[in-house]
Amino acid sequence: MSKKQFKAESKKLLDMMINSIYTHKEIFLRELISNASDATDKLYFKSLTDSSINADKDKLTIRIDLNKEDRTIKISDHGIGMTAKELEQNLGTIAKSDSLDFKKANADNKDAGDIEVIGQFGVGFYSAFMVADKIEVVSKALGAEEAGIWTSSGADGYTIKPCQKDEVGTTVILHIKADTEDESYSEYLEQYRIRDLVKRYSDYIRYPIVMEMTSQVPDPDNEGEYITEINDETLNSMVPLWRKSKSEIKDEEYNEFYKSKFYDYRDPALVIHTKTEGQATFDALMFIPENAPMDFYSKEYEKGLQLYSNGVLIMDKCADLLPDYFSFVKGLVDSADLSLNISREVLQHDRQLKIIAKAIEKKIKNELAKMLANNREKYNRFFDTFGTNIKWGIYADYGMNKDNLKDLVMFKSSVGDDYTTLKEYVERMADSQEKIYYACGDNVDKIAMLPQCEAVKNKGYEILYFTDEVDEFAIQMLMEYDGKQFANICKDDLDLDTEAEKEAINKANEDAKDLLEKMKSYLSDEVKEVKFTNKLGSHAVCLSAEGFVSLEMAKVLSQMPGANDSVKAELVLEINSTHPIAEKLKVVDDDTLKKYTDILYNQARLIAGLPIDNPTRLADTVCDLM
């Protein structure tokens, strides 16, 4: 009997496939179990159209047997099996897949609806060479008189010869490599390691995966002592929760699944269970946590949903399924439509994946909108935890997602203590109000004390309070809502005056032109302008900004790594024209005016939350005047 060479690829290709394509050696078990499931599916499919075939689906199993002494793992199925010719076709040609051929051949068969062929490429079988230095495949095909055994020790080739096998089906025997200084292979001969791998990767294979398990149980004859029992145990649950109808699942089942799957001790804030058919067919089961994960704001946090193909785990965290602003969502997607490349671990970012990702994004957005409309208290708690993500979503990617997210953002405002949406703000606007007003600060209380707030509220206008660093950046990207532009009340172009008020303040500035220019000269380049204003109510002074960069934006930008002085707000010192200090400035001598200017400017910086360059000088100046 001569050794045959692999038909399609060279030793170099097989060596690359074994050592490079698969990141984790442990996935060999997933691949072989998936192949066994495929073979069982094929037999069951044929039994639907051929009454002579006895394939009781409830009795079809996949069996794993471990032998530490011989260092072997056996994976056996009662599937359709292979003839000697099929062994050569399917295992002698790398990347040849009998499962794929089967799927294509039965694409138009209406009875094939219950068949889920997992294997799309034959390459997965060869991942077993990562842990085995020799592989034997013993198989007897349905209707065949004789069985065959395929044997290979790697890229140097394989042999096929007849053998004895009573039952139809296939047994794959892996001869596990000896341990080395760098690698331990003996772990794959441990019962609990194999059980864990089955639970991780193949828990939802539709056939029972059975293995002998050893356990210690109380000795019925001797109290306090234990005896060893060896029993067959089914390692997989078989029925994925997400494939059940929502009407069959209780809230407690969802909650327990989430907590055990994603290691959270609290129930999820929201469960999203959806089945989509059409351009892409998939099941998705997603959860929004009650609290942010401990590492959520760290570099170590990885977003993504678990990705399954027909119940087989393909990827633990598929980041491409979630946009960054929904990175807090946990869950999984199960689809048979995904295109896979040479390995199941590396997905082609093809049209199907993008369609699924778009559908998931839309579903999450719609469920959050539904929560906002129907359970405001619950949505408020969600927004306290993850609202910053939604705001960043508006700002990111040059505002590409702003229209999808603008109705999900909320802010505190000058009306009441609760959050308000942009839609609610606009609905409360007076007919005469043309803009949406906002102010920025560290917290609501500090913003409410800003001098500019008094005048805006006196006009009867509501003010949105922006307390997150991202808020103003997001709003600048949004630009407008429902045709209403946003206006920062701390910008010098805030226009609240009547024509008469404008005329009066223009005259006040013209009459005090020399005084204001002198004060500007005392401050040198610190401010672009000093002027009188009528928008401060009872307050004496404030700082506003001219141009695109506001005071709050400048503060945020200055704190960023590598920040420089090139991005600064152009400050305007505004003095209340009706405050007694305005008249005082007109009658003091130049020396006193300079001190007053210094005090007013630093007072305005304090109010705006900006640092004072020389607090000692300010204190000395105040003491001198006192």
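In what follows, residues are counted from 1 in the order of the sequence shown. Below, all heavy atoms of this structure are taken into account, side chains as well, without hydrogens, waters or symmetry copies.
Put simply, the side chain of Val333 does not reach to within 4.5 Å of the side chain of Cys318, judged on heavy atoms. The closest side-chain heavy-atom distance from Phe129 to Phe28 is not below 4.5 Å. With contacts defined as side-chain heavy-atom distances shorter than 4.5 Å, the pair Glu88/Lys4 qualifies. Proximity of Asn401 to Tyr325: side-chain heavy atoms (C-beta onward) are separated by under 4.5 Å at one or more points. Residues Lys46 and Leu43 are not in side-chain contact: their nearest non-hydrogen atoms beyond the backbone lie 4.5 Å or more apart. Inter-residue side-chain proximity for Leu66 and Gln191 is flagged as met; some heavy-atom pair is nearer than 4.5 Å. Within the 4.5 Å cutoff, the side chain of His273 has heavy atoms near those of the Trp242 side chain. Counting heavy atoms from C-beta outward, Tyr207 and Asp41 have side chains that approach closer than 4.5 Å.
Between the CE atom of Met211 and the CG atom of Asp65 there is a distance of 9.0 Å, given to the nearest 0.5 Å. How far CD of Glu229 is from CG of Asp219: 10.0 Å, rounded to the nearest 0.5 Å. Distance CG/Leu29 to CD1/Ile33: 4.0 Å, rounded to 0.5 Å. Once rounded to the nearest 0.5 Å, the distance linking CG of Asp334 with NZ of Lys275 reads 9.0 Å. Atom NZ of residue Lys42 and atom OG of residue Ser37 lie 10.0 Å apart, to the nearest 0.5 angstrom. Atom CD of Gln352 is separated from atom OG1 of Thr281 by 8.5 Å, given to the nearest 0.5 angstrom.
With Glu136 as the partner, the side-chain contact (heavy atoms from CB on, under 4.5 Å) test is satisfied by one option alone out of Ile173, Val172, Thr159: Ile173. Paired with Ser202 under the rule side-chain contact (heavy atoms from CB on, under 4.5 Å), one option of Ile209, Leu235, Asn236 passes, and it is Ile209.
Side chain of Glu361 to backbone of Lys358: no donor-acceptor contact under 3.5 angstrom is found. One N or O on the side chain of Ser152 and one on the backbone of Gly154 form a donor-acceptor pair closer than 3.5 Å. Not a single donor-acceptor pair under 3.5 Å links the side chain of Asp267 to the backbone N or O of Asn255. Put simply, the side chain of Asn375 never gets that close to the backbone of Met371: no donor and acceptor are under 3.5 Å apart. Side chain of Glu167 to backbone of His78: no donor-acceptor contact under 3.5 angstrom is found. Not a single donor-acceptor pair under 3.5 Å links the side chain of Ser76 to the backbone N or O of Thr171. Between the side chain of Tyr204 and the backbone N or O of Leu313, no donor-acceptor pair lies under 3.5 Å. Under the 3.5 Å distance criterion, the side-chain polar atoms of Arg266 are left unmatched by any main-chain donor or acceptor of Asn291. Looking only at distances, a side-chain donor or acceptor of Asp203 sits under 3.5 Å from a matching main-chain atom of Ser237. Judged by distance alone, with hydrogens and angles left aside, the side-chain atoms of Lys140 form no donor-acceptor pair with the main-chain N or O of Gly148 at under 3.5 Å.
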Please assess Leu241 against Ile249 for the test side-chain contact (heavy atoms from CB on, under 4.5 Å), listing each intermediate value before the final yes or no. CA-CA 8 Å; Leu241 184 69; Ile249 306 173; 3.9 Å; yes

Test log, rule side chain to side chain donor-acceptor pair (under 3.5 Å), inputs Ser153 and Asp133: CA-CA 6 Å; Ser153 297; Asp133 50 24; over 6 Å; no

Stepwise side-chain contact (heavy atoms from CB on, under 4.5 Å) check, Thr151 with Val137: CA-CA 6 Å; Thr151 306; Val137 181; over 6 Å; no

When you look at Thr276 and Ile360, which way does the side-chain contact (heavy atoms from CB on, under 4.5 Å) test go after all the steps? CA-CA 10 Å; Thr276 301; Ile360 286 172; over 6 Å; no

In sequence, state the C-alpha distance, the side-chain angles, and the governing distance for Met286 and Ile364, and then conclude on side-chain contact (heavy atoms from CB on, under 4.5 Å). CA-CA 9 Å; Met286 297 172 287; Ile364 296 170; 4.1 Å; yes

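Sparse packing is recorded around OH of Tyr226, with 12 or fewer heavy atoms of other residues, nucleotides or ligands lying under 6.0 Å away. Remark: Tyr297 OH is packed, more than 12 non-hydrogen atoms of other residues, nucleotides or ligands lying under 6.0 Å away. The 12-atom threshold is exceeded at CD of Gln216, counting heavy atoms of other residues, nucleotides or ligands nearer than 6.0 Å. No more than 12 heavy atoms of other residues, nucleotides or ligands lie within 6.0 Å of NZ in Lys74, so this atom counts as exposed by the packing criterion. A 6.0 Å sphere centred on NZ of Lys85 holds no more than 12 heavy atoms belonging to other residues, nucleotides or ligands. The environment of Lys370 atom NZ is sparse: at most 12 non-hydrogen atoms of other residues, nucleotides or ligands sit within 6.0 angstrom.
Minimum heavy-atom separation, Ile80 to Val168: O-CG1, 3.8 Å. Of all the heavy atoms in Glu86 and Gly81, the pair that sits closest is OE1-O, 3.9 Å. Of all non-hydrogen atoms in Phe382 and Ile288, the two that sit nearest each other are CD1-CG2, 3.9 Å. A pairwise comparison of heavy atoms in Ser139 and Leu87 identifies CB-CD2, 4.3 Å as the closest pair. When every heavy atom of Leu322 is checked against every heavy atom of Gly304, the shortest pair comes out as CD1-N, 4.0 Å. The minimum heavy-atom distance between Ala292 and Thr385, with the atom names listed, is N-CG2, 3.6 Å.
Aromatic rings of Phe386 and Phe326 (six-membered ring for Trp) have centroids beyond the 6.0 Å cut-off, not under it. Checked against the 6.0 Å centroid threshold, Phe125 and Trp150 count as a close aromatic pair. In this structure, Phe328 has its ring center no closer than 6.0 Å to that of Phe287. Side-chain rings of Tyr254 and Phe257 stay apart, their centers remaining 6.0 Å or farther from each other.
With sequence neighbours left out, the side chain to side chain contact (heavy atoms under 4.5 Å, CB included) criterion links Asp179 to Arg71, Ser184, Tyr185, Ser186. With sequence neighbours excluded, the residues forming a side chain to side chain contact (heavy atoms under 4.5 Å, CB included) with Tyr192 are Arg195, Met213, listed by chain and number.
A salt bridge links Asp232 with Arg63: at least one charged nitrogen is closer than 4.0 Å to a carboxylate oxygen. Ion pairing between Glu183 and Lys177 fails under the 4.0 Å rule for side-chain N and carboxylate O. Between Lys259 and Asp264 there is no salt bridge, since none of the side-chain N atoms of the basic residue sits less than 4.0 Å from a carboxylate O of the acidic one.
For the residue pair Glu26/Tyr201, the side-chain donor-acceptor check at 3.5 Å is satisfied. With no hydrogens or angles considered, no side-chain donor-acceptor pair links Glu69 and Asn67 at under 3.5 Å. With hydrogens and angles left out, the side-chain atoms of Asp70 and Thr72 include no donor and acceptor closer than 3.5 Å.
Relative orientation of the Phe262 and Tyr258 rings is tilted, given thresholds of 30° and 60° on the angle between their planes.
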